[in-house]
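Since the structure comes first, as structure tokens, the remarks are kept for the end.
Keep in mind that this is a model prediction, so the values were computed, not measured. Whatever order the structure lists ligands and atoms in, that order sets their numbers, starting from 1.
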Amino acid sequence: MKNILVTGAAGFIGSAFARYMVETYPHYNIVVLDKLTYAGNRDNLLSIDDEENYRFERADIADRGAVSRVLQQYDIDTIVNFAAESHVDRSILAPDAFVHTDVVGVYILLDEGKKHGIGRFLQVSTDEVYGDIESGLSVEGDRFLPNSPYAAAKAGGELMVRSYQVTHGMDTVITRGSNTFGPYQYPEKLLPLFITEAIDDRPLPVYGDGKQIRDWLYVEDHVTGIDVALHHGVSGEAYNIAGENTQFNIDVVHAMLDALGKPRSLIRHVPDREGHDRRYAMDASKLRALGWKRQWDWPRALQATVDWYLNNEWWWRKIKTGEYLEYFKRQYAERLASSSASE
Ligand code: NAD
Ligand code: TYD
């Protein structure tokens with residue numbers, strides 16, 4: 001590996017990966033390709049802007065001409081694909097962009113990568129492809145049962161990756177991360193939305209009874225998991241990156257409010273998300289066998305996250321304007337109007 005194309009790295013996890021790779025591997029050239037959708041933000045990459053081994057290109061992964069030009073221009077030998085529409089609620093409101101990026105975009109990247117003769121292609125995927133699991137832990141060989149348009153599009157992207165590995169012998173690896181949190185996460189996902197709303201003493205819209213279960217993974221652990229899979233993963237294999245920290249949503253919200261020093265009276269129970277998966281939980285032993293180890297425990301990671309949003313209002317206040325407010329109104333206005341207080 002020498003010249004690595006990291007797509008979608010103006011977003012939350014991709015930018016953390018790009019910052020980490022630029023610092024950790026000064027002998028690699030890191031080229032970020034990102035469309036800069038509503039979720040893409042050059043501020044996330046400010047800290048590496050002046051680094052010699054980093055370049056930025058604004059393009060759509062589904063734009064064949066642009067992808068081909070970038071692969072040639074930088075003589076790319078490795079692709080790590082983070083680019084995606086990533087929010088379940090938006091996939092319910094407007095699924096088109098999900099199919100465009102998470103399925104067609106992945107196909108274009110693979111197809112151009114094949115033509116260009118790249119080495120490794122790592123696809124960043126999600127535990128949501130397994131769907132709702134009532135008990136136990138999802139392992140990599142489990143069948144896919146995606147329930148949201150987001151999860152279905154990510155599953156479709158994974159299947160394209162599989163087909164290029166089997167049919168064309170491409171060197172591919174897939175990672176499936178669990179619910180990730182930390183600095184620079186767009187404030188539409190549970191934790192950054194609720195932290196920033198709670199800072200302003202605004203109501204927190206918990207879907208349904210709040211007894212849904214997610215497995216919470218700190219972004220830095222997700223990034224090192226991808227690094228391990230990229231360098232040591234076996235071609236054609238998928239690896240779960242699990243936080244092994246499953247919790248009820250309502251407990252996550254309580255812990256966040258305690259870390260922030262805000263009252264539980266901010267919580268509102270609102271009508272549930274359509275098709276809402278009750279539980280995700282994965283087994284991480286396959287990745288651990290490659291040498292990955294989590295570094296962050298939940299209380300420390302949650303406090304670091306809360307503190308980051310408290311100390312970086314410059315980053316999130318300017319996001320919570322314009323299109324964001326329209327989305328917020330569409331998603332929450334009616335729900336909050338018919339909400340009930342908790343506790
Ligand atoms: P994000 O929404 O914060 O960022 C997505 C990035 O992709 C943005 O910078 C956006 O501009 C870019 N993008 C979108 N469409 C594009 C296109 N057509 N061409 C080029 N760039 C495009 O997402 P995230 O939370 O950082 O997630 C990154 C990846 O990790 C996604 O593939 C997601 O499915 C996966 N994942 C996320 C989580 C999580 O909890 N956030 C968990 C597991 C897996
Ligand atoms: P989210 O951060 O959207 O991630 P995902 O849907 O990929 O798991 O949501 C995490 C959990 O929090 C999920 O069960 C839905 C719930 N949730 C709420 O209760 N209220 C909200 O406003 C949001 C955004 C999420």
Side-chain angles (χ1 to χ4, degrees), residues 6-18 32-42 44-45 57-63 66-67 80-92 97-98 100-102 104-106 108-109 123-129 147-148 150-151 153-154 157-158 175-182 184-194 197 203-217 219 222-223 225-226 240-243 247-250 252-253 267-270 272-273 276-280 282 328 331-332 335-336:
V6 188
T7 52
F12 164 49
I13 309 170
S15 67
F17 181 76
V32 168
L33 182 152
D34 197 293
K35 187 180 179 179
L36 297 180
T37 67
Y38 77 92
N41 186 346
R42 291 289 301 265
N44 300 359
L45 296 161
E57 292 281 342
R58 182 173 192 176
D60 185 334
I61 59 164
D63 177 344
V67 169
V80 181
N81 178 37
F82 290 88
E85 288 294 329
S86 68
H87 191 42
V88 172
D89 290 322
R90 287 188 193 250
S91 83
I92 297 167
F98 288 76
H100 172 83
T101 297
D102 303 10
V104 179
V106 176
I108 298 283
L109 273 184
Q123 169 70 3
V124 178
S125 192
T126 165
D127 56 2
E128 306 203 16
V129 297
N147 292 317
S148 69
Y150 164 65
K154 291 296 290 186
E158 278 206 32
T175 57
R176 299 188 186 126
S178 62
N179 278 70
T180 305
F181 67 102
Y184 299 102
Q185 187 170 26
Y186 192 85
E188 63 187 353
K189 306 277 165 53
L190 180 73
L191 272 170
L193 172 67
F194 279 28
E197 292 291 283
L204 308 180
V206 170
Y207 295 152
D209 62 5
K211 290 286 174 64
Q212 303 83 3
I213 292 175
R214 296 291 182 271
D215 176 7
W216 295 92
L217 171 68
V219 64
H222 194 155
V223 161
I226 293 171
N240 291 341
I241 310 180
Q247 299 197 48
F248 290 121
N249 288 346
I250 195 71
V252 168
V253 177
I267 294 171
R268 297 285 181 284
H269 286 274
V270 303
D272 209 346
R273 173 187 278 173
H276 197 171
D277 285 335
R278 286 299 277 185
R279 179 175 180 270
Y280 302 137
M282 293 190 294
F328 188 92
Q331 182 62 24
Y332 295 108
R335 281 191 159 89
L336 280 167

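Atom 11 (C) of ligand 2 has its closest protein heavy atom at Asn249 ND2, 3.4 Å.
Interface atoms of ligand 2 facing Glu128, defined by a heavy-atom separation under 4.0 Å, are 5 (P), 7 (O), 8 (O). Atoms of ligand 2 lying under 4.0 Å from any heavy atom of Glu188, numbered from 1 in the order shown and given with element: 24 (C).
At least one N or O atom of Tyr332, backbone or side chain, sits closer than 3.5 Å to an N or O atom of ligand 2.
Checking His276, Lys211, His269 against atom 13 (C) of ligand 2, the nearest heavy atom belongs to His276. The closest heavy-atom contact to atom 35 (C) of ligand 1, among the options Val67, Ile61, Thr37, Val124, comes from Val124.
At a 4.0 Å heavy-atom cut-off, ligand 1 touches Leu36 through the backbone alone. Residue contacts with ligand 1 for Ala9 are absent, since no atom lies close enough (heavy atoms, distance under 4.0 Å). Of the heavy atoms in Tyr150, only side-chain atoms (C-beta onward) come closer than 4.0 Å to ligand 1.
Cation-pi contact between Arg214 and Phe248: absent, since separation from the ring centre below 6.0 Å together with deviation from the ring axis within 45° is not met. The cationic group of Arg268 does not satisfy the cation-pi geometry with Tyr332, failing either the under 6.0 Å distance to the six-membered ring centre or the 45° limit from the ring axis.
Not a single heavy atom of Tyr150 sits less than 4.0 Å from an atom of ligand 2.
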